Amino acid sequence: MKIATWNVNSIKARLDNALAWLRQANPDILCLQELKCEDHAFPAQAFEELGYNVLVHGQKTYNGVAILSKLKPEDVTRGLAGEDGDSQARYLEAVFARKSGVVRVASIYLPNGNPLGTEKFAYKLRWMDRLQARAKALLKLEEPLVLAGDYNVIPTPLDARHPENWTNDALFQPESRAKFRTLLNLGFTDAIRQVHGDEPGLYTFWDYQAGAWQRNNGIRIDHLLLSPQAADLLKSAHIDREVRTQEKPSDHVPVVIELKA
DNA sequence: ATGACTTCGGCACGAAGA
């Protein structure tokens, strides 16, 4: 079973890229982030024609997450508990029943948090605490669980071409990294690192500006975290860098894992 | 170099992204 995550930076602007990628990569599940559209405006039919079920948790202009799946979604959860009045669409979770058992998947768009010293950074840290609480509860289910998405966290210096350029950025703050590490230490496996070890140069995002792609000035911020039961099933994990060479690309590329059965 | 590029809303250019 192939599961992927991709921050598309507007699903309307990226519809052709997304359809082409699905035809070529043929994942069973694709988690999307930064849709930048409301539920009713999501181009569901185009994906349904490719054989996907479509789950959308959208919002006008900003944020928005979706899960496309060949299997029918069950037990759907929209939004992350823990903060009354939070209207930002950043979390969507569903369960899929395979013949070999269930797999639970979440599509996550963690807040960026810039600039530092503002409510935006405080919101990011609070959101990470809420995610940790949800993750803790889900681990008790002892299911294969994949928390996939744009975490907006550079976990270690190995995950940036120029870590020194990110020291004043919310993505690489000690507090952001510590909360990501705490989440991992609940018992999750970072799929890319599990498969590729300490290999440098594994990036999922390159800024549109200043020739970042051409200079390979990237960062790894899109992650698939696996519960122990999902980690047992892990066969492969890779970053589909080629997508960044396309016409009108997203600034992020898909990250793909394969699980047994 | 508080830049550079891309998207949205909506039709001008500011906000947001990372």
Side-chain angles (χ1 to χ4, degrees), chain A residues 5-19 21 31-43 56-66 86-91 107-128 131 148-177 179-180 192 201-223 239 241 243-255:
Chain A
T5 182
W6 189 12
N7 177 325
V8 287
N9 183 18
S10 168
I11 191 59
K12 287 186 214 165
R14 221 66 62 205
L15 182 58
D16 290 345
N17 310 54
L19 293 171
W21 189 78
C31 298
L32 296 169
Q33 299 89 34
E34 254 198 298
L35 308 176
K36 296 187 173 180
C37 73
E38 295 174 289
D39 292 10
H40 67 81
F42 187 90
V56 184
H57 181 44
Q59 180 184 339
K60 193 173 183 178
T61 314
Y62 305 115
N63 311 316
V65 287
D86 182 4
S87 57
Q88 300 191 30
R90 298 180 173 276
Y91 186 89
S107 182
I108 290 169
Y109 180 44
L110 209 145
N112 171 301
N114 280 305
L116 296 178
T118 66
E119 164 58 21
K120 290 186 174 185
F121 188 60
Y123 174 69
K124 175 179 193 149
L125 297 181
R126 290 200 305 276
W127 206 94
M128 293 185 84
L131 178 60
D150 176 0
Y151 282 73
N152 270 315
V153 175
I154 303 166
T156 77
L158 199 58
D159 298 307
R161 178 70 195 277
H162 295 295
E164 69 279 9
N165 291 352
W166 297 92
T167 51
N168 293 317
D169 195 287
L171 280 61
F172 197 52
Q173 281 314 287
E175 297 98 317
S176 314
R177 293 172 56 193
K179 286 189 187 299
F180 183 80
I192 286 287
L202 298 172
Y203 309 133
T204 65
F205 168 91
W206 298 259
D207 201 288
Y208 288 123
Q209 304 182 65
W213 167 251
Q214 288 75 11
R215 296 161 192 250
N216 195 25
N217 179 12
I219 51 178
R220 191 175 72 95
I221 56 175
D222 300 272
H223 310 295
I239 299 168
R241 292 175 60 100
V243 171
R244 194 62 173 78
T245 67
Q246 292 172 348
E247 280 294 303
K248 292 290 248 171
S250 169
D251 38 9
H252 299 248
V253 295
V255 185

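Owing to the predicted nature of the structure, the values given are computational and were not obtained by experimental measurement. Quick note: numbers below take in every heavy atom, side chains included, and nothing from hydrogens, waters or symmetry partners. Chain letters run A, B, ... following the sequence lines, proteins first, then strands; residues in each count from 1.
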Practice problem: Check every atom of B:dT6, B:dC8, B:dA4 against the side chain of A:Lys12 and return the nucleotide holding the closest atom. | Solution: B:dC8
Practice problem: Write down the distance between CG (A:Leu32) and P (B:dT7), rounded to a whole number of angstrom. | Solution: 16 Å
Self-check item: A:Arg14 or A:Gln209, whichever maps to the more 5' nucleotide of DNA chain B
Solution: A:Gln209
Quiz prompt | Touch class at under 4.0 angstrom, heavy-atom based, for A:Tyr109 against every strand present | solution = sugar-phosphate
Self-check item: A:Asn112 and A:Lys120, any side-chain heavy atoms less than 4.5 Å apart
Solution: no
Quiz item: If only side-chain N and O atoms of A:Asn165 are considered, is one of them under 4.0 Å from the OP1 or OP2 phosphate oxygen of B:dA18?
Solution: no
Quiz item: Which listed nucleotide (B:dC8, B:dA18, B:dA4) is nearest to the side chain of A:Leu171?
Solution: B:dA18
Self-check item: Short side-chain to backbone donor-acceptor contact, A:Arg161 and A:Tyr203, under 3.5 Å
Solution: no
Quiz item: In whole angstrom, what separates A:Glu119's CD from B:dA16's P?
Solution: 13 Å
Quiz item: Which part of the nucleic acid, if any, lies within reach of A:Asp150 when heavy atoms closer than 4.0 Å are counted: base, sugar-phosphate only, or nothing?
Solution: sugar-phosphate
Quiz item: Is there a donor N/O on one and an acceptor N/O on the other, under 3.5 Å, for the side chain of A:Asn152 and the base of B:dA18?
Solution: no
Exercise. Give the ring-plane orientation class for A:His223 versus A:Phe180, where under 30° counts as parallel, over 60° as perpendicular and anything between as tilted.
Key: tilted
Self-check item: Side-chain N or O of A:Thr61 closer than 4.0 Å to phosphate OP1/OP2 of B:dA16
Solution: no
Quiz item: To the side chain of A:Tyr208, which of B:dA18, B:dG17, B:dC8 is closest?
Solution: B:dG17
Exercise. Find the distance A:Lys36:NZ to B:dA16:C1' and express it as a whole number of Å.
Key: 7 Å
Self-check item: Minimum-distance nucleotide (side-chain atoms of A:Lys120 versus B:dT7, B:dG17, B:dA4)
Solution: B:dG17
Quiz item: Would you say the side-chain atoms of A:Arg90 and A:Asn63 include a donor-acceptor pair closer than 3.5 Å?
Solution: yes
Practice problem: Could you check how far CG of A:Asn114 sits from P of B:dG17, rounded to whole Å? | Solution: 8 Å
Exercise. Would you classify A:Asp222 as touching base, sugar-phosphate or nothing, given that sugar-phosphate means primed atoms plus P, OP1 and OP2, and contacts are heavy atoms under 4.0 Å?
Key: nothing
Self-check item: First of A:Lys60 and A:Pro111 reached from the 5' end of DNA chain B, by closest nucleotide
Solution: A:Lys60
Self-check item: Presence of A:His252 side-chain N/O under 4.0 Å of B:dG17 phosphate oxygens OP1/OP2
Solution: no
Quiz item: Between A:Thr5 and A:Val255, is there a donor-acceptor pair closer than 3.5 Å when you use the side chain of the first and the backbone of the second?
Solution: no
Practice problem: Give me the one residue out of A:Phe205, A:Tyr109, A:Tyr208, A:Trp213 that meets ring pair (Phe, Tyr, Trp, His ring centres under 6.0 Å) with A:His252. | Solution: A:Phe205
Quiz prompt | Nucleotide nearest A:Ile221 (side chain, heavy atoms from C-beta), chosen from B:dA18, B:dG17, B:dT7 | solution = B:dA18
Exercise. Give A:Lys124 one of three labels, base, sugar-phosphate or nothing, depending on what nucleic acid heavy atoms sit under 4.0 Å from its own.
Key: nothing
Quiz item: What is the distance, rounded to the nearest whole Å, between atom CD1 of A:Ile11 and atom P of B:dT6?
Solution: 19 Å
Exercise. Can you tell me the distance, in whole Å, between the CG atom of A:Asn112 and the P atom of B:dA16?
Key: 11 Å
